[in-house]
Every structure is written in C-alpha cells, then in structure tokens.
Amino acid sequence: PVTFVAKTPVGVHALILLSAMRSLLSRKVMSAKLATGEASVLRSRRLLCISLGCLIMVYGATALLSHLSIGHRHLLPIYPAIFVLLGVSIQAYWHGKWNKVVVGGLLLIAAAEVFAASPNFLSFVNCAVGGPSQGYRYFTDSSIDWGQSLPELKRYLKHELPERNEPTQVYVSYFGSADPSYHGIRSTLLYSTQPFCNEEFAFGGDLGAGSYCISATMWSGVYLPRQSKWSRVDEQQYRFLISSLNQRTNPNQDLERLQAAISEVERLITFLRRRKPDAIIGNSILVFHLSDDDVMQYRSATWILESR
C-alpha cells in the first residue's frame, strides 16, 4: 500500500478519490436511468466496473500477502484496470464545462509530475512524500534503485569534481550487476551485496578523504547483516577484526577480509546518515564529500556515542 500511495502521481490519486465520491453521490441518478432506455448500457457499465474492481482487489491482496512482493513492479498490473475505471467514471458522471476543466487539470498535473522526473522514471516518487529526490528515504531495490544511475554518476564525477578544490579519490558501494569501471568510473570499491567483479573491497586504512558514492539500497542497509545499525559492541568487534588482520603476515584470511569489508560499509553508512548527501545522482546514488577532518572523525569512535 505504501508504494502505491507514494509512487502513483498525485493527480491520479485525486481523480480516484473524486471519481469514487462522484459515483457514490450519483447512485440515485443511476437508479432513475435504469428505468429508462439506458438500462442496458448502465448494466454493461456496472458489470465492467464490478469485474475490474474484483481484479484490483484480488490481485492487490495477492501481491500484498505474497513473500515475493519486493517492489512496486508487482503492483503494475492493476494500473490498466484503474485507468479503465477512471475512464468509465469520467464518461458517466463528469459532464459539464467545469467538470471537464477539473478532469483536464488533474490529468495535466499528473503528466507534469511524471515528466518532471524524466528520465529517472524508476525512482519516481510523488510530491506528497517529497518527490523523486527523497525516495531513497522510503524505498529500496527495484522500487528506487536497480543500479541504473552509473552513467549519470560518471557525468557528475567528470564535470563536478574538477571544479571542487578537494580530494578527488572516489569510493563506490554499488547495488547492481554492472561494473563501474565499464562506464569509466575509476574508484576504490566498497562492499556491495551484488559483487560485479573479482577485486577486493576496501576497509580500514584503505579509506581516506574523497567522494563516497553509495547506492540507495546499500544506504538503507536492508541487505546488510546489521541493517547499518552500529553499536559499541559492533565497534569493539570491528576493531578486533581489523587489528587481527593487520597483525597476520600471510594467513588464509579471505573470509575475514570479507567480514571486515561488510563491517566497514555498515560502519560508514551509519556515519554518513548523520549528514545530508552533497548530491543525489539519478535519485538512487548518494554522494558524500569527506575531507581529511571528516575521515579523522569517522575513524574515531566518538561519533558512535553521539549518534545513540
């Protein structure tokens, strides 16, 4: 229900609400027309509405209760039925000049809201919940972020970073199956839940000042063990793991290095949640510019106590 409310244009919501109210208020008029020669047309219209209404309710309930409901895309089949019902309602009840003006205005509002999000339609969120740029606060995965914004990130890094008088090292924690290097993004890779290459992920002393690019799904922590909630106990375990890795000269430590990389990105995301993104690329990749002082603060443990 939340994805339907947030990812359906406000103009469409208004049409649904007004059409439902108009239909209820017009029941007496319909009863009078049933006694006239329009009875056959009205019965056909009523049958169509009942059929589509049942389709919406049954499919919606199935999608809501299904364990595979992991994105707004599972609700897409109900939209054609909704639009047909709106068309029937408009044709039946919305007569007169001012009614047509209202309908036309709401359709224009819906169209303007959608086209304003172009070309990032996947990450669309209506203005009632903050607009597309705020979608990462509410949704993850296919409802907002399917790794579609690498080309935009490349353009941002190419044109924006040279203008900044700051370190240009780039760190990426990316949710998707593409390889950032394919798009010409030279970066240090942080842990990602969908590995797209054989390179090792950075952790510990590998992190420094620079631009940190975090996919919205990674930022949410939904697929991370701790869901990016960091405690003092986690900090103690993290420091012990990093220390043990630094003290070994040639151990078989692939698993421990992976654990360290996962812990590092969870710790980092918890830290970054304390500040606003410096940029949001394609509404699905958050960019944070960290200075040397920011990195020193991150490496300390004082911010963990402050964030509790």
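Model, not experiment: these values are computed from the prediction. Residue numbers count from 1 along this sequence.
- With a 4.5 Å cut-off on side-chain heavy atoms, R257 and L245 count as touching.
- V129 and L75 are assigned to two separate hydrophobic clusters, defined by single-linkage of ILVMFWY side chains at heavy-atom distances under 4.5 Å.
- Using a 4.5 Å heavy-atom threshold, the side chains of L153 and V287 count as touching.
- At distances below 3.5 Å, at least one donor-acceptor pair connects side-chain atoms of R273 with backbone N or O atoms of W219.
- Hydrophobic clustering (side-chain heavy atoms under 4.5 Å, transitive across Ile, Leu, Val, Met, Phe, Trp, Tyr) groups Y223 together with F203.
- Between the side chain of Q297 and the main chain of V295, no donor-acceptor pair closer than 3.5 Å is present.
- Not counting sequence neighbours, the partners of D234 by the side-chain contact (heavy atoms from CB on, under 4.5 Å) test are R226, W230, S231, Q237.
- For R267 (side chain) and Y298 (main-chain N/O), a donor-acceptor pair under 3.5 Å exists by modelled atom type.
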Verdict with reasoning, L106 to L18, per side-chain contact (heavy atoms from CB on, under 4.5 Å): CA-CA 11 Å; L106 291 176; L18 292 176; 3.8 Å; yes
D141 and V222: CA distance, side-chain angles, deciding distance, side-chain contact (heavy atoms from CB on, under 4.5 Å) verdict: CA-CA 9 Å; D141 209 299; V222 66; over 6 Å; no
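- Between the side chain of D145 and the backbone N or O of T140, no donor-acceptor pair lies under 3.5 Å.
- Residues M218 and Y191 approach most closely at CE-O, 3.5 Å, considering heavy atoms.
- Side-chain contact between T193 and L224: present, with at least one pair of heavy atoms (C-beta onward) separated by less than 4.5 Å.
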Candidate pair F124 and H72, rule ring pair (Phe, Tyr, Trp, His ring centres under 6.0 Å), full reasoning: CA-CA 11 Å; F124 173 82; H72 182 248; 9.0 Å; no
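- Among all heavy-atom pairs drawn from S142 and L122, the shortest one is O-CD1, 3.1 Å.
- Atom NE2 of residue H13 and atom CG of residue L15 lie 11.0 Å apart, to the nearest 0.5 angstrom.
- Rounded to the nearest 0.5 angstrom, S215 OG and I285 CD1 are separated by 4.5 Å.
- Heavy-atom minimum distance, I144 versus A216: CG2-CB, 4.4 Å.
- Between the side chain of S192 and the backbone N or O of Y174 there is at least one donor-acceptor pair closer than 3.5 Å.
- A6 approaches F139 most closely through the heavy-atom pair CB-CZ, 3.5 Å.
- Counting all heavy atoms, side chain and backbone alike, S143 lies closest to K7 at O-NZ, 2.8 Å.
- Using the six-membered ring where Trp is involved, F115 and F121 have ring planes that are perpendicular, over 60° apart on the 30 and 60° scheme.
- At least one side-chain heavy atom of V10 sits less than 4.5 Å from a side-chain heavy atom of E113.
- There is a path of hydrophobic side-chain contacts, each under 4.5 Å, that joins F83 to L107.
- At least one side-chain heavy atom of S187 sits under 4.5 Å from a side-chain heavy atom of L189.
- To the nearest 0.5 Å, the span separating CZ on R239 from OG on S243 amounts to 10.5 Å.
- Using modelled atom types and a 3.5 Å distance limit, the side chains of S149 and S284 yield a donor-acceptor pair.
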Step-by-step side-chain contact (heavy atoms from CB on, under 4.5 Å) determination, E152 to N120: CA-CA 10 Å; E152 286 189 64; N120 302 305; 2.7 Å; yes
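- Below 30°, between 30° and 60°, or above 60°: for Y156 and H289 the angle between ring planes is below 30°, a parallel geometry.
- In this structure, F4 has its ring center closer than 6.0 angstrom to the ring center of Y79.
- Defined by atom type and a distance below 3.5 Å, a donor-acceptor pair is present between the side-chain atoms of Q169 and T188.
- Listed here is the closest heavy atom pair of E256 and S244: OE1-OG, 4.3 Å.
- Between the T62 side chain and the V58 main chain, a donor and an acceptor come within less than 3.5 Å of each other.
- Judged by distance alone, the side chain of R186 and the main-chain N or O of V170 form no donor-acceptor pair under 3.5 Å.
- Here CD1 of I185 is found 9.5 Å from CG of D179. Values are rounded to the nearest 0.5 Å.
- Partner of L190 under the side-chain contact (heavy atoms from CB on, under 4.5 Å) criterion, out of I262, I214, V172, I269: I214 alone.
- A donor-acceptor distance shorter than 3.5 angstrom exists from the side chain of K154 to the backbone of G184, with no hydrogens or angles considered.
- Between I16 and L86 there is a side-chain heavy-atom pair separated by less than 4.5 Å.
- A 4.5 Å side-chain heavy-atom check between Y212 and L290 finds at least one atom pair inside the cut-off.
- In this structure, the side chain of Y171 engages the main chain of G208 through a donor-acceptor pair within 3.5 Å.
- Side chains of S291 and D294: a donor on one and an acceptor on the other come within 3.5 Å.
- Annotation: the span from L157 atom CG to L150 atom CG amounts to 10.0 Å, rounded to 0.5 Å.
- Put simply, L207 and I242 are part of the same group of oily side chains (I, L, V, M, F, W, Y) that touch within less than 4.5 Å, one to the next.
- Linking Ile, Leu, Val, Met, Phe, Trp and Tyr whenever their side-chain heavy atoms come within less than 4.5 Å leaves I78 and M57 in two separate clusters.
- Side-chain atoms of N126 come within 3.5 Å of backbone atoms of A128 as a donor-acceptor pair (strictly under, hydrogens ignored).
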Pair E264-Y238, side-chain contact (heavy atoms from CB on, under 4.5 Å): steps then yes or no: CA-CA 8 Å; E264 190 71 61; Y238 162 80; 2.6 Å; yes
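- The CD1 atom of I56 sits 4.5 Å away from atom CD1 of I82, with the distance rounded to the nearest 0.5 Å.
- Using a 4.5 Å cut-off on side-chain heavy atoms (C-beta onward), L286 and C213 make no contact.
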